Structure formats: C-alpha cells, structure tokens
Amino acid sequence: MTAETAAAGDGDRLPNTVFALDAVTLARRLIGSTLTVDGVGGRIVETEAYRRDDAASHSFRGETLRNRAMFGPVGHAYVYRSYGIHWCLNFVCDGAEPGSAVLIRALEPLFGLDRMVERRGLADPRRLCAGPGRLAQALGLDRSHDGLDLSQPPFRLTEGDEVPVPILVGARIGISKAAEQPWRFGLAGSRHLSRPFAKGEIASSGTETV
DNA sequence: GAATTGATGCGCT
DNA sequence: GCGCATCAATTCA
C-alpha cells in the first residue's frame with residue numbers, strides 16, 4: 001500500500017500506555033510512528049525529551065498558565081508559542097513525574113501534502129515539517145490544540161511499519177541549559193530532520209522497530 | 001554552503 | 001527589560 005492510497009493513520013493505534021513512559025524512553029519510542037491532525041501529517045522522524053528536573057524544560061520552575069498542560073493528564077498535547085511567532089507540539093507523558101513531555105521536532109510528510117504546502121506557503125518537501133515550528137504550521141496547530149487528548153480527533157497516532165531502522169541519539173537543539181543531555185532522537189537516514197546529527201551522535205546502540 | 005538578523009508573545013527577574 | 005525548546009530572508013562565500 002502506498003502513502004497515497006493509505007488513509008491517514010492506517011495501521012494500529014499507539015496504545016495509550018506508552019504515555020506512562022518517562023520522556024526519554026517515549027521520545028525514542030515515538031520515532032517511526034505516525035502522527036496526523038485532521039488527516040494531515042506523516043512519520044515522526046525527530047523528537048526531544050523534556051523532564052521536570054531538567055533546567056531546559058518549561059516545567060522546571062513549576063506550573064504556570066502557559067505550561068499548565070504539562071502538568072495535566074498524560075497522553076494529551078502541550079502546545080506553546082515559541083519566539084512569539086511559532087507553535088510547537090509536545091506529548092505529555094510520565095504520570096510518575098508530572099511535568100514531563102516529548103517535543104515533536106520533525107515529520108516525514110506523507111498525508112495531506114497539498115494542505116501542508118498551502119499552510120506553509122513553501123513546497124520544498126525537505127522543509128515542510130523539518131522543525132517544530134514548521135511542523136506545527138504544516139499541521140495547522142495552535143493554542144486551540146493545547147491540552148487536547150491525543151487519542152481523540154483531530155489527532156491520530158499509529159504504529160509505524162515493522163522495519164528495523166537505527167535510531168540516532170544526540171544533544172538537544174536550541175537550548176542553553178542542560179544542553180549536554182543526549183535527549184534528541186532521530187530516524188537514521190531520514191532526509192526530513194530539522195538538522196543533521198553530528199558524527200559523534202550517530203552512535204546508536206542497536207535498532208528499533210519502526 | 002555558513003553566518004547574521006529581524007519578526008514577535010509571554011513568562012520571568 | 002531580558003531571554004527564549006524558531007524560522008526565513010539576506011548576505012556573504
């Protein structure tokens with residue numbers, strides 16, 4: 001079945017139990033799975049983990065009006081405005097430690113390409129969803145999605161194909177605090193990453209089923 | 001290709 | 001005021 005004929009999110013839904021995982025484990029687990037919003041989306045190829053005890057995390061200094069969703073139920077979305085211009089999407093997780101989330105940094109566009117191009121105003125497939133702000137714009141995400149349940153429409157999360165592919169691990173991007181933590185994950189060989197992984201970061205200790 | 005800069009919301013000191 | 005979990009246009013090369 002091709003990407004064109006497949007309905008958005010065809011395949012097994014991600015079990016809600018994955019959101020009980022800690023952020024680092026979930027960030028790795030999500031690589032290769034499929035995310036769509038109102039039928040528009042694709043394969044998750046890049047994520048970052050953020051924890052409560054993490055100086056780079058919005059939840060580090062406790063709950064505020066902005067980060068309220070991070071302290072809400074797991075399996076819900078945390079959508080925030082970045083640099084006053086962009087929106088960024090996180091998955092809230094880890095019920096044992098409220099304030100944990102996984103930032104979705106990049107997708108391989110597969111479904112609703114025309115709608116993405118329309119929203120982004122740029123057709124370059126390499127830059128359609130390569131970056132958290134670009135991804136949110138392509139999927140039409142904004143404040144109205146903050147706090148919504150990821151298991152309900154317009155969201156749909158499904159397992160990826162069962163093809164073993166190495167997972168890249170590296171330092172997170174665009175942060176100044178706790179920047180040394182290797183909590184950025186990527187799909188090896190993907191041409192849709194927001195930025196390439198450094199040579200030293202290409203060390204993956206095995207393969208994941210994606 | 002790499003470096004620089006402007007746009008801009010909002011939580012924090 | 002300052003500092004961002006960013007991006008695109010512009011300026012170089």
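Below, each value reflects all heavy atoms present in this structure, side chains not excepted, and no hydrogens, waters or symmetry copies. Predicted model, so just to flag it, every value in this text is computed and none were measured.
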Is Leu65(A) touching bases, backbone alone, or none of the nucleic acid, heavy atoms closer than 4.0 Å? nothing
inquiry  = Heavy atoms only, 4.0 Å cut-off, all strands: where does Ile175(A) land among base, sugar-phosphate and nothing?
reply    = sugar-phosphate
Quantified in whole Å, what is the P atom distance between nucleotide dT8(B) and nucleotide dT10(C)?
16 Å
Does Glu46(A) reach the main-chain N or O of Ser194(A) with its side chain, forming a donor-acceptor pair under 3.5 Å?
yes
- Query: Under 4.5 Å between any side-chain heavy atoms of Arg29(A) and Cys93(A), yes or no?
  - Reply: no
| When we call it a touch if two heavy atoms are under 4.0 Å apart, what does Arg120(A) touch: a base, just sugar-phosphate, or nothing? | sugar-phosphate
- request: Could you please spell out the steps behind the side-chain hydrogen bond (donor to acceptor under 3.5 Å, both in side chains) verdict for Gln137(A) and Arg119(A)?
  value: CA-CA 7 Å; Gln137(A) 185 181 25; Arg119(A) 287 164 174 157; over 6 Å; no
Here the gap from Tyr50(A) atom OH to Phe91(A) atom CZ, rounded to the nearest 0.5 Å, amounts to 15.0 Å
Taking pairs as Watson-Crick (N1-N3 plus N6-O4 or O6-N4) or G-U wobble (N1-O2 and O6-N3), each distance under 3.5 Å, the stems of three or more consecutive pairs with DNA chain C are B:1-7 with C:6-12, B:9-12 with C:1-4
| task | Indicate, with a heavy-atom threshold strictly under 4.0 Å, whether Arg127(A) touches base, sugar-phosphate, or nothing. | result | nothing
Contact span of DNA chain C against chain A, any nucleotide atom under 4.0 Å from a heavy atom, 5' to 3', runs dC4(C) to dA8(C)
Whole-Å distance, Ile85(A) CD1 to dT5(B) P, equals 16 Å
Of Arg105(A), Arg28(A), Arg172(A), the one forming a salt bridge (Lys or Arg N to Asp or Glu O under 4.0 Å) with Glu48(A) is Arg105(A)
Q. Does Arg127(A) offer a backbone N or O that forms a donor-acceptor pair with the side chain of Arg120(A) under 3.5 Å?
A. yes
Minimal heavy-atom distance between Val92(A) and Pro73(A), with the atoms involved, is CG1-O, 3.7 Å
Between the OG1 atom in Thr158(A) and the CD1 atom in Ile44(A), the distance rounded to the nearest 0.5 Å is 9.0 Å
Taking dT13(B) as the reference, what is the distance to dA5(C) when you measure between their P atoms (whole Å, please)? 14 Å
query: Asn90(A) near the nucleic acid: base, sugar-phosphate alone, or nothing, with a heavy-atom cut-off under 4.0 Å?
result: base
Inset, instruction - Indicate, with a heavy-atom threshold strictly under 4.0 Å, whether Gly133(A) touches base, sugar-phosphate, or nothing. - result: sugar-phosphate
Glu63(A) atom CD is separated from dC10(B) atom C1', nearest whole Å, by 17 Å
When rounded to whole Å, the CH2 to C1' distance for the pair Trp87(A) and dG9(B) reads 8 Å
Q.
By the 4.0 Å heavy-atom rule, please label Ser194(A) as base, sugar-phosphate, or nothing.
A. nothing
Between OH of Tyr80(A) and P of dG11(B) the distance, given in whole Å, is 14 Å
Tyr83(A) OH to dC12(B) C1', in whole Å, measures 15 Å
Between Arg126(A) and Asp124(A), does at least one N-O distance fall below 4.0 Å, as a salt bridge requires? no
